[in-house]
Structure formats: C-alpha cells, structure tokens
Trainee: 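Quick one: the structure is below, questions incoming.
When a ligand or atom number is given, it counts from 1 through the structure's own listing order. Everything quoted here is computed from the prediction, not taken from an experiment.
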Amino acid sequence: MTQHYRITLLPGDGIGPEIMTVAVGVLKVIGEQLDLSFEFQEALMGGAAIDAKGEPLPAETLDLCKNSDAVLLAAIGGYKWDTLPRHLRPETGLLGLRAGLGLFANLRPAKILPQLVDASSLKREIVEGVDILVVRELTGGVYFGQPKGIFETETGERRGVNTMAYTESEIDRIGRVGFETAQKRGKSLCSVDKANVLEVSQLWRDRITALAPEYPDVELSHMYVDNAAMQLVRYPKQFDTIVTSNLFGDILSDAAAMLTGSIGMLPSASLGASGPGVFEPVHGSAPDIAGQDKANPLAQILSAAMMLRYGLKQPTAADRLEQAVLTVLDNGYRTGDIMSEGMTLLGCQAMGEALIQALHEV
Ligand code: NAD
C-alpha cells in the first residue's frame with residue numbers, strides 16, 4: 001500500500017530555494033521508486049517571510065508545519081535583514097519554530113566520506129572512518145534556566161547570571177533519544193557531562209545511568225566535557241553516538257562537524273516528543289553565492305535522508321538517498337566548495353541531475 005506523507009517545505013533565503021528544488025526533485029524520484037507518496041506544501045520563513053508578511057515566522061507557516069509529517073528547511077537569513085531589531089530577525093523565526101513544535105533533541109551527524117577525507121584539517125589516519133552522531137538537548141540547560149540576566153549588586157557593580165538547570169524528566173527525555181539513536185547506529189553511547197564539578201551534571205549522569213538497563217544492547221560510557229573535546233580531535237573514531245546537554249552539545253557538535261571539513265555536506269535533525277521534526281542543513285543561506293547555481297545541495301539531500309530515517313521511519317529510502325550521494329562523489333562530481341584536482345565541477349542543478357541519475361542506477 002502506498003504510504004502518504006505531507007511535507008512542509010521552508011526554502012527560506014539565499015541559496016535555500018536552489019537547494020530545496022534539488023531535494024524535491026530527488027524525493028519525487030525516491031517516492032516513485034519505493035511507493036511513497038509525498039504531498040509537498042511550501043511556506044514562507046525567514047527573510048522571505050519578513051518581506052512578504054512582516055515577520056520571520058508567520059502563524060500560517062507554523063500551522064502548516066504542525067499539520068505535517070515532517071518539515072524540510074533549507075536556510076534562512078542574509079545581509080538585508082541583519083540589522084533589523086531582534087524580534088524581526090530571521091533567526092528569531094527559527095527559535096519560534098523549535099519552540100512551536102517542541103523540538104528538544106538536535107541530531108548532528110559528522111561522518112567522514114571516504115571521497116572527501118582530504119577536506120579535513122586533520123590527518124587522514126585520524127579522521128578516516130569517523131562516523132559520529134551528537135544528540136544535543138535543545139530546549140533546556142543554561143540557555144533557558146532561570147534566573148538569567150544582568151543584575152546590579154549592592155555595591156553597584158553589574159553581575160551577569162545564567163542558570164544551568166535540568167529536571168529529571170528533561171534528562172530522561174533526551175537520554176532516551178540518545179539510547180534509541182545509538183540502537184539504530186553502532187550501539188555505543190557516550191554521555192558527556194561535567195559531573196566532577198557541576199551538580200546539574202551529577203544528576204544528568206545519575207539519570208542516564210539509571211536508564212541504561214532499559215537498553216541492554218547499547219554500551220554506555222561517560223566522559224567529562226573537557227576530555228571529550230580533546231578526544232574528538234585526538235581519536236575521534238572511538239565515538240559512535242554522543243548525548244549531551246544544550247551548551248556542551250552546541251560546542252561539541254560544531255567541533256565534531258568540522259572534522260569533516262566541508263560545511264556543504266552537513267545535515268541535522270531536530271525532534272520533539274511527538275509531531276513533526278525539522279530537518280535542515282547545518283550551513284547558512286550563503287548569500288555570497290546565492291542565485292549563481294554554485295551551491296552544494298548535498299547537505300540538503302542528506303537532511304532529506306535524515307527526514308526519511310528519523311522523521312518518517314523509512315530507513316530503506318534513507319539508505320538509498322545516502323547511497324546516491326556516495327555514488328555521485330564516486331563518479332567524481334563536485335560542487336565548488338568540495339572541488340579538488342581531477343574532479344568534475346558541477347553546479348547545484350547539475351548535481352541534482354547527477355543524483356537522480358544515480359538513483360536510477362541503484
Ligand atoms: P553560511 O553557512 O551561509 O556561509 C559560510 C560560507 O560557506 C560562505 O562562504 C558560503 O558561500 C559557504 N557555503 C555555505 N553553504 C554552502 C553550500 N551549501 N554550498 C557551497 N558553499 C556553501 O554562513 P554565514 O555566511 O555566516 O551566514 C550567512 C547567513 O546565513 C547569515 O544571515 C546567517 O545568519 C545565516 N545562517 C542561517 C542558518 C540557518 O538557516 N540555520 C545557519 C547559519 C547561518
């Protein structure tokens with residue numbers, strides 16, 4: 001029986017519409033091949049929404065997102081909107097989307113593709129074979145804990161305050177995503193904290209340890225965040241899945257991602273307890289190359305693969321899409337950002353055509 005899915009597309013700004021067009025073309029082919037029916041509904045977000053509606057996340061966009069099975073986002077922002085007041089900035093729309101959909105888990109893979117191993121700033125023998133996924137808590141911790149602010153002390157000096165706080169249920173919720181994600185991957189989970197210094201981290205460690213018996217097939221380890229930062233650049237291959245809090249995850253996921261050396265290749269997923277997740281490339285809207293057919297669409301394609309795997313629970317389709325990406329790279333096709341000697345330079349659109357060709361060959 002044909003499976004039917006409603007997907008909200010948020011092409012956004014800059015190179016967003018170009019890479020989204022490629023993703024839609026590729027998803028249509030996958031749908032035909034695997035008997036999946038995708039109903040695409042496009043909505044305004046970011047700068048495009050500010051221009052048309054006066055706000056970065058119009059209510060009708062959020063409603064469409066809520067009434068879909070998954071949200072595929074490209075990129076938002078650009079110089080034109082950088083000087084607007086904070087509540088009107090494109091990024092404010094992103095925060096509103098996360099809050100509106102209750103997205104508390106951010107999944108950031110950092111996988112070294114054999115074809116691009118030399119793009120990393122680290123030595124080949126260190127990064128070859130690296131396949132890490134960082135699960136970051138997204139709606140709690142020090143970014144949201146109360147009290148927060150800049151207060152005046154009795155002596156008239158100003159004091160900046162943020163509070164790192166997690167409840168047991170918040171830790172359990174993200175911990176479960178960590179264990180379940182590890183189950184779908186290499187079955188090894190490293191929980192990163194600072195339990196030697198922070199009480200909030202001690203509770204984190206206690207709860208993650210308490211969850212472990214429910215996942216006997218996953219091997220759990222713990223690591224302090226300072227050591228994790230060192231180990232990521234010393235011997236990254238030791239990691240499979242990492243679960244960590246908002247602040248530590250923000251920093252470690254960027255460090256892990258950069259092991260790959262190519263921003264145009266990095267996807268991400270943000271998931272809630274139920275309802276649609278948001279799937280988007282890590283890179284921004286690249287205004288410097290927008291409208292020139294130079295963008296690398298592969299991070300968007302890999303985000304669509306994450307949507308198939310984690311959002312729509314269609315692992316076969318996800319595998320197929322990821323395989324198509326490997327095939328085009330094997331065939332020597334590159335966009336400008338990942339170009340190297342002896343390879344064939346393609347524009348964004350032509351890369352999309354190469355992907356479709358690869359899908360027909362799988
Ligand atoms: P950026 O990621 O847009 O670009 C950084 C550099 O990488 C640029 O040289 C760009 O050309 C290149 N690049 C990025 N993606 C590429 C791709 N797919 N193919 C080829 N080259 C690519 O970061 P930035 O320049 O700091 O930010 C530009 C705008 O994007 C800003 O307005 C920023 O706020 C916004 N932004 C949005 C998101 C998002 O939508 N989630 C994330 C980061 C930045």
Trainee: Judged on heavy-atom distance to atom 29 (C) of ligand 1, which of G336, G284, S285 sits nearest?
Mentor: S285

Trainee: Under 4.0 Å from atom 25 (O) of ligand 1, can you find at least one protein heavy atom?
Mentor: no

Trainee: With heavy atoms of A295 as the reference, note each atom of ligand 1 found under 4.0 Å away.
Mentor: 19 (N)

Trainee: What is the closest protein heavy atom to atom 28 (C) of ligand 1, and at what distance does it sit?
Mentor: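 Scanning the protein heavy atoms, the shortest distance from atom 28 (C) of ligand 1 goes to P287 CD, 3.5 Å.
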
Trainee: Taking the side chain as every heavy atom from C-beta outward, state whether E280 and I76 have any pair of such atoms under 4.5 Å apart.
Mentor: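 Answer no - side chains too far apart.
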
Trainee: If only side-chain N and O atoms count, and only distance matters, is there a donor-acceptor pair under 3.5 Å linking Q146 with T163?
Mentor: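 Side chains of T163 and Q146: no pair found under 3.5 Å.
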
Trainee: Quick one: does H283 get an N or O within less than 3.5 Å of an N or O on ligand 1?
Mentor: yes

Trainee: Going by the order shown, which atoms of ligand 1 are within less than 4.0 Å of some heavy atom of D82?
Mentor: 32 (O)

Trainee: Could you find the nearest protein heavy atom to atom 7 (O) of ligand 1 and give me its residue, atom name and distance?
Mentor: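 In this structure, atom 7 (O) of ligand 1 has I263 CG2, 3.9 Å as its nearest protein heavy atom.
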
Trainee: Do any nitrogen or oxygen atoms of L94 lie less than 3.5 angstrom from nitrogen or oxygen atoms of ligand 1?
Mentor: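 No: no nitrogen or oxygen of L94 is under 3.5 Å from one in ligand 1.
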
Trainee: Heavy atom under 4.0 Å from ligand 1: found in E91's side chain, backbone, both, or neither?
Mentor: side chain

Trainee: Give a yes-or-no answer on whether the side chains of Q357 and E361 include a donor-acceptor pair shorter than 3.5 Å.
Mentor: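 The answer is yes; a qualifying pair exists.
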
Trainee: My question is simple, although I want it checked carefully: is atom 3 (O) of ligand 1 less than 4.0 angstrom from any protein heavy atom?
Mentor: yes

Trainee: With heavy-atom distances below 4.0 Å as the criterion, list the atoms of ligand 1 near I289.
Mentor: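 Answer for ligand 1: 11 (O), 20 (C), 21 (N).
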
Trainee: Which protein heavy atom lies closest to atom 19 (N) of ligand 1, and at what distance to 0.1 Å?
Mentor: N296 N, 2.8 Å

Trainee: For the side-chain contact (heavy atoms from CB on, under 4.5 Å) test, which of V218, I242, L220, D240 pairs with S188?
Mentor: D240

Trainee: When you measure from the centre of the six-membered ring of F248, is the NZ or CZ of R136 under 6.0 Å away and within 45° of the axis?
Mentor: no

Trainee: Is it the case that atom CD in Q41 sees more than 12 heavy atoms from other parts of the structure closer than 6.0 Å?
Mentor: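 Yes.
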
Trainee: Do we see a donor-acceptor contact under 3.5 Å between the side chains of T92 and H87?
Mentor: no

Trainee: Tell me, do V177 and V243 make a side-chain contact under 4.5 Å, heavy atoms counted?
Mentor: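 No, every pair of side-chain atoms sits at 4.5 Å or beyond.
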
Trainee: What protein heavy atom sits nearest atom 41 (N) of ligand 1, and how far off is it?
Mentor: E280 OE1, 3.5 Å

Trainee: Is there a side-chain contact between Y333 and M351, using heavy atoms and a 4.5 Å cut-off?
Mentor: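 Yes, their side chains come closer than 4.5 Å.
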
Trainee: Can you pull out the closest protein heavy atom to atom 8 (C) of ligand 1? Residue, atom name and distance to 0.1 Å, please.
Mentor: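 Going by distance alone, atom 8 (C) of ligand 1 is nearest to D288 OD2, 3.5 Å.
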
Trainee: Among T260, I112, I338, which residue satisfies the side-chain contact (heavy atoms from CB on, under 4.5 Å) criterion with M265?
Mentor: I338

Trainee: Tell me which protein heavy atom sits closest to atom 32 (O) of ligand 1, plus the residue, atom name and distance to 0.1 Å.
Mentor: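 Scanning the protein heavy atoms, the shortest distance from atom 32 (O) of ligand 1 goes to G78 N, 2.9 Å.
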
Trainee: What part of T335, side chain, backbone, both or neither, has a heavy atom within less than 4.0 angstrom of ligand 1?
Mentor: neither

Trainee: Less than 4.0 Å from atom 43 (C) of ligand 1, is there any heavy atom belonging to the protein?
Mentor: yes

Trainee: Please verify whether a non-hydrogen atom of A299 lies at under 4.0 Å from ligand 1.
Mentor: no

Trainee: Return yes if a side-chain donor-acceptor contact under 3.5 Å exists between Q300 and S303, otherwise no.
Mentor: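 On atom types as modelled, these side chains do not qualify, holding no pair under 3.5 Å.
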
Trainee: Look at atom 13 (N) of ligand 1 and say which protein heavy atom is nearest, naming residue and atom and giving the distance to 0.1 Å.
Mentor: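 Ranked first by proximity to atom 13 (N) of ligand 1 is A286 CB, 3.9 Å.
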
Trainee: Within the 4.5 Å heavy-atom criterion, are R173 and T139 side-chain neighbours or not?
Mentor: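 A side-chain contact under 4.5 Å exists here.
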
Trainee: What are the atoms of ligand 1, with element, lying closer than 4.0 Å to any heavy atom of G77?
Mentor: 32 (O)

Trainee: Counting from 1, what ligand 1 atoms have a heavy atom of A75 closer than 4.0 Å?
Mentor: 40 (O)

Trainee: Who's the nearest protein heavy-atom neighbour of atom 35 (C) of ligand 1, and how far?
Mentor: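 Result for atom 35 (C) of ligand 1: I76 O, 3.3 Å.
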
Trainee: Which heavy atom of W204 sits nearest to which heavy atom of S245, and what is that distance?
Mentor: CH2-N, 3.6 Å

Trainee: At a 4.0 Å threshold, what atoms of ligand 1 neighbour a non-hydrogen atom of I15?
Mentor: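 Those of ligand 1 that fall under 4.0 Å from I15 are 17 (C), 18 (N).
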
Trainee: Sub-3.5 Å donor-acceptor pair from the side chain of K111 to the main-chain atoms of I132, do we have one?
Mentor: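 No.
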
Trainee: Hey, does D13 sit under 4.0 Å from ligand 1 if you only count heavy atoms?
Mentor: no

